[in-house]
Amino acid sequence: MGALIGALWFIAMGGGRTLDPTYLDWLGASDLAQHTLGWLHFRDAPWGLPLGRTPSLMRPLLTTVGFSDANPWVSLLLKPFSRWLPRDFQFIGPWMLLCFALQGWMGVKLVGLFTPRALPRLLGSALFVMSPVLLFRFEHDTLCAHWLLLAMLYLNLRPLEDARAAWRSLGQAAGVNALASGIHPYLEVMVFGLTLALALNVARTRRLSWRAVGAALAGVGALVGGLFLLFGYVGQGVSSGAGGFGFFSADLLTLVNPRGWTRVLPSLPSGDGQYEGFGYLGTGVLALGVGALVGRRVSWGPPLRAAVRAHAPLVGVALLCALLAFSSVMTVAGQEVLTLRSLVKPLLPLLGAFRSSGRFIWVLHYTLMTGILALVLWRTRTRPRVATAVLGVAVLLQALDTPDLWRRIRFLEDPWRRLHAPEWAQVDSFYRHIVLYPPSIHGSVVPCVRNTFPDDEYLRFGDLAYRRGLSTNSGYSARLDERHVAEVCAALEATLEGGRLSEDTLYVVDASRQDWMRRMGERLTCGVLEGFTVCVAARTGRFREALSRTTSGEFREIIRK
């Protein structure tokens with residue numbers, strides 16, 4: 001029933017139409033487009049190492065389904081069935097539905113640690129499903145797997161009777177780490193931190209010896225390291241660092257700052273990049289917390305302190321994750337109050353991997369939510385009807401004060417970027433590559449790749465390459481080896497400037513390279529298709545003939561001159 005609540009909430013938010021796997025017209029921009037394109041190219045790619053390698057995308061740069069955030073585990077699971085799947089096939093909508101269902105399922109398990117009654121468990125689960133930080137991640141499907149964090153909180157808070165139960169929890173934690181490693185690295189780092197908290201608690205309560213716990217942690221670390229190698233996150237020469245640490249952070253008021261997600265509380269100022277550190281607890285949860293602290297007088301201090309002491313490693317990891325989320329510059333309502341740049345600078349080679357460090361606030365967010373629910377259920381433990389009523393009001397308040405439920409803006413039409421000119425259907429079978437000149441590498445700062453192409457051109461030509469069985473040299477990767485990007489771009493520049501043209505290649509030429517087209521003269525057949533200048537060196541073929549018919553008099557004059 002908790003899973004059903006999660007699924008229904010996803011559909012209520014407008015996600016129902018995304019469940020059609022052949023429907024791409026809500027994925028046409030930003031991160032979701034990158035993820036979809038990565039999967040489409042991988043499904044036709046040959047098997048190889050690292051797992052998820054997609055040699056037809058951003059050729060000859062290395063990219064994988066991991067670096068295109070195309071959900072490695074799901075992509076690998078579906079690839080063997082690729083020949084039977086429709087050519088236009090997306091799994092992002094069904095995956096997000098699954099994440100919401102698992103959020104509800106794990107919510108029931110987690111709240112069940114504090115009450116055996118079904119209705120309060122379901123109401124508490126609904127609050128986890130309606131968490132604003134989960135709703136905020138609609139534009140990044142792999143980051144919707146917050147149920148992994150709830151699973152680790154459950155393992156940390158579940159009582160352990162003996163050594164056997166402790167080993168079982170550590171084994172289940174290893175399984176959660178394996179799942180997270182093939183979904184998203186950020187989630188895996190959080191999951192591993194919570195695994196560390198679990199291990200420390202097992203050792204300090206003497207369920208297992210420190211040596212046994214150390215061996216278990218080493219085993220989990222080896223598992224995660226092996227999977228990261230297998231998926232190509234490490235060991236492929238691609239830098240794990242990226243600019244942005246300290247910019248995509250969390251504000252100190254993030255847990256109470258709705259950033260426009262409520263009509264009850266005012267939004268507070270925050271930095272431009274601090275949307276990544278969005279951690280608002282939700283109006284219903286905040287109301288629960290205030291009510292539990294200032295309601296009917298009950299001596300809740302001693303039990304609360306005892307609970308914190310009993311789970312000190314968990315509290316410590318949650319606070320350390322929050323500190324990482326606040327990063328090197330701490331702000332209150334967008335105003336800098338403390339800088340740690342000098343302390344952090346020596347650690348930047350390590351911390352640079354966490355460009356969007358604000359996301360680590362999620363651990364504290366869910367830990368506090370769990371603590372608030374536990375406190376409310378403890379205070380009403382002798383009055384079950386009161387517990388149900390209080391949680392019901394909180395759920396109702398959270399639902400009514402979720403603007404996206406009523407505006408339904410999360411899954412608006414966003415057409416898949418596709419080239420439709422009939423000439424593209426004439427591309428001959430001997431063509432193998434689409435080369436944008438200069439390459440369009442999203443996010444790269446290498447001067448060589450500067451161009452005036454539209455922002456979505458990598459997607460249009462990536463889609464064309466997928467449909468025609470070609471490769472493309474452009475795209476969007478979560479991590480780049482800028483040195484390699486510069487080398488590849490310089491090599492392409494030298495090859496084309498030297499007149500070494502390939503007859504199996506479609507050249508899409510930026511306006512800044514018109515001088516090059518003039519110098520090539522009759523060696524190229526060029527035309528304009530859907531606003532893009534396309535050239536080929538082949539002397540025969542249907543596409544060359546179709547392309548030559550698109551050449552305007554003005555364009556012929558440019559080439560002639």
Side-chain angles (χ1 to χ4, degrees), residues 55-63 419 421 423-442 444-454 457-458 460-462 464-466 468-475 480-561:
S56 63
L57 194 60
M58 298 179 65
R59 178 184 177 270
L61 297 172
L62 169 73
T63 191
L419 297 164
E423 288 81 3
W424 299 117
Q426 303 299 312
V427 172
D428 303 274
S429 59
F430 61 79
Y431 286 106
R432 294 288 181 268
H433 314 293
I434 299 175
V435 169
L436 274 66
Y437 179 48
S440 181
I441 309 298
H442 186 91
S444 175
V445 296
V446 174
C448 183
V449 302
R450 289 176 184 164
N451 58 70
T452 62
F453 289 123
E457 87 297 329
Y458 84 89
R460 294 177 186 272
F461 286 101
L464 177 65
Y466 162 69
R468 304 301 301 181
L470 310 176
S471 72
T472 174
N473 70 335
S474 299
L480 293 168
D481 182 345
E482 292 284 51
R483 180 186 56 80
H484 193 200
V485 172
E487 291 172 355
V488 166
C489 184
L492 175 65
E493 184 98 13
T495 297
L496 296 189
E497 290 295 328
R500 298 188 294 275
L501 306 173
S502 298
E503 294 193 357
D504 64 353
T505 301
L506 307 180
Y507 296 99
V508 183
V509 186
D510 186 55
S512 63
R513 294 298 191 271
Q514 284 192 353
D515 287 344
W516 173 77
M517 289 189 294
R518 294 191 189 100
R519 291 196 301 275
M520 293 300 102
E522 297 301 323
R523 300 175 61 183
L524 288 173
T525 299
C526 297
V528 178
L529 293 176
E530 302 184 63
F532 294 99
T533 301
V534 183
C535 299
V536 296
R539 310 312 299 172
T540 60
R542 293 178 304 162
F543 183 69
R544 177 183 178 275
E545 294 174 5
L547 193 62
S548 64
R549 289 194 293 269
T550 70
T551 307
S552 65
E554 180 183 359
F555 190 83
R556 288 194 185 95
E557 183 64 17
I558 291 173
I559 297 297
R560 187 188 66 78
K561 289 181 179 180

Report task. Any chance you could lay out the side chain to side chain contact (heavy atoms under 4.5 Å, CB included) test for Leu547 and Arg544, step after step, and finish with the verdict? Result -> CA-CA 5 Å; Leu547 193 62; Arg544 177 183 178 275; 5.6 Å; no

Query raised in the report: Would you say the side chains of His433 and Ser471 form a donor-acceptor pair under 3.5 Å?
Result: yes

Requested in this report: State, to 0.1 Å, how close Val509 and Cys535 come at their nearest heavy-atom pair, and which atoms those are.
Outcome: CG2-SG, 4.0 Å

Report task. Take Glu497 and Arg519 through the test salt bridge (charged side-chain N to carboxylate O under 4.0 Å, His left out) and record every step on the way to the result. Result -> CA-CA 9 Å; Glu497 290 295 328; Arg519 291 196 301 275; 2.3 Å; yes

**Report entry** Check: Arg432 and Thr505 side chains under 4.5 Å, non-hydrogen atoms
**Finding:** no

**Report entry** Main-chain N/O of Phe453 paired with Asn451 side-chain donor or acceptor, under 3.5 Å
**Finding:** yes

Requested in this report: Report the relative orientation of the aromatic rings in Trp424 and Phe461; use parallel for angles under 30°, tilted for 30 to 60°, perpendicular for over 60°.
Outcome: perpendicular

Requested in this report: Taking the side chain as every heavy atom from C-beta outward, state whether Pro439 and Leu492 have any pair of such atoms under 4.5 Å apart.
Outcome: yes

Query raised in the report: At their closest point, which heavy atom of Ala421 faces which heavy atom of Glu530, and how far apart are they?
Result: N-OE2, 2.7 Å

Requested in this report: Would you check, one step at a time, whether the test side chain to side chain contact (heavy atoms under 4.5 Å, CB included) holds for Leu419 with Leu529?
Outcome: CA-CA 9 Å; Leu419 297 164; Leu529 293 176; over 6 Å; no

Query raised in the report: What are the two closest heavy atoms between Cys526 and Met517, and how far apart are they?
Result: SG-SD, 4.3 Å

Query raised in the report: What distance separates Thr63 OG1 from Leu480 CG, expressed to the nearest 0.5 Å?
Result: 8.5 Å

Query - Any donor-acceptor N/O pair, Glu503 side chain to Arg539 backbone, under 3.5 Å - result: no

Query raised in the report: Out of curiosity, Leu464 CG to Leu506 CG, how far, rounded to the nearest 0.5 Å?
Result: 7.5 Å

Query raised in the report: To the nearest 0.5 Å, how far apart are CD in Gln426 and CZ in Phe543?
Result: 9.5 Å

Query raised in the report: Side chains of Tyr437 and Leu496: does their closest heavy-atom pair fall under 4.5 Å?
Result: yes

Report task. Report the distance from atom CG of Asp504 to atom OG of Ser429, rounding to the nearest 0.5 Å. Result -> 11.5 Å

**Report entry** OG1 on Thr495 to CG on Leu501, rounded to 0.5 Å
**Finding:** 9.5 Å

Requested in this report: Please report the C-alpha distance between Arg59 and Thr472 in whole Å, then the side-chain angles of each, then the deciding distance to 0.1 Å, and finally whether the side chain to side chain contact (heavy atoms under 4.5 Å, CB included) criterion is met.
Outcome: CA-CA 6 Å; Arg59 178 184 177 270; Thr472 174; over 6 Å; no

Query raised in the report: For Met58, does its backbone N or O pair with a side-chain atom of Asn473 as donor and acceptor, under 3.5 Å?
Result: no

Query - Heavy-atom closest pair, residues Val485 and Ser444 - result: CG1-OG, 3.6 Å

Requested in this report: Nearest 0.5 Å please: distance from the CG atom of Leu61 over to the CD atom of Glu487.
Outcome: 10.0 Å

Query raised in the report: In terms of side-chain geometry, is the basic nitrogen of Arg549 or Glu423 positioned less than 4.0 Å from the acidic oxygen of its partner?
Result: no

Report task. Decide yes or no on salt bridge (charged side-chain N to carboxylate O under 4.0 Å, His left out) for Asp510 and Arg513, but give the supporting numbers first. Result -> CA-CA 6 Å; Asp510 186 55; Arg513 294 298 191 271; 5.5 Å; no

Query - Min side-chain heavy-atom separation Ile441-Val446 under 4.5 Å - result: no

Query raised in the report: Does some side-chain heavy atom of Val536 sit less than 4.5 Å from a side-chain heavy atom of Tyr431?
Result: yes

Query raised in the report: Is a donor on one side and an acceptor on the other found under 3.5 Å between the side chain of Arg468 and the backbone of Val427?
Result: yes

Query - Side-chain heavy atoms of Ile434 within contact of Tyr507, under 4.5 Å - result: no

**Report entry** Contact check, side chains of Val508 and Val435, non-hydrogen atoms, under 4.5 Å
**Finding:** no

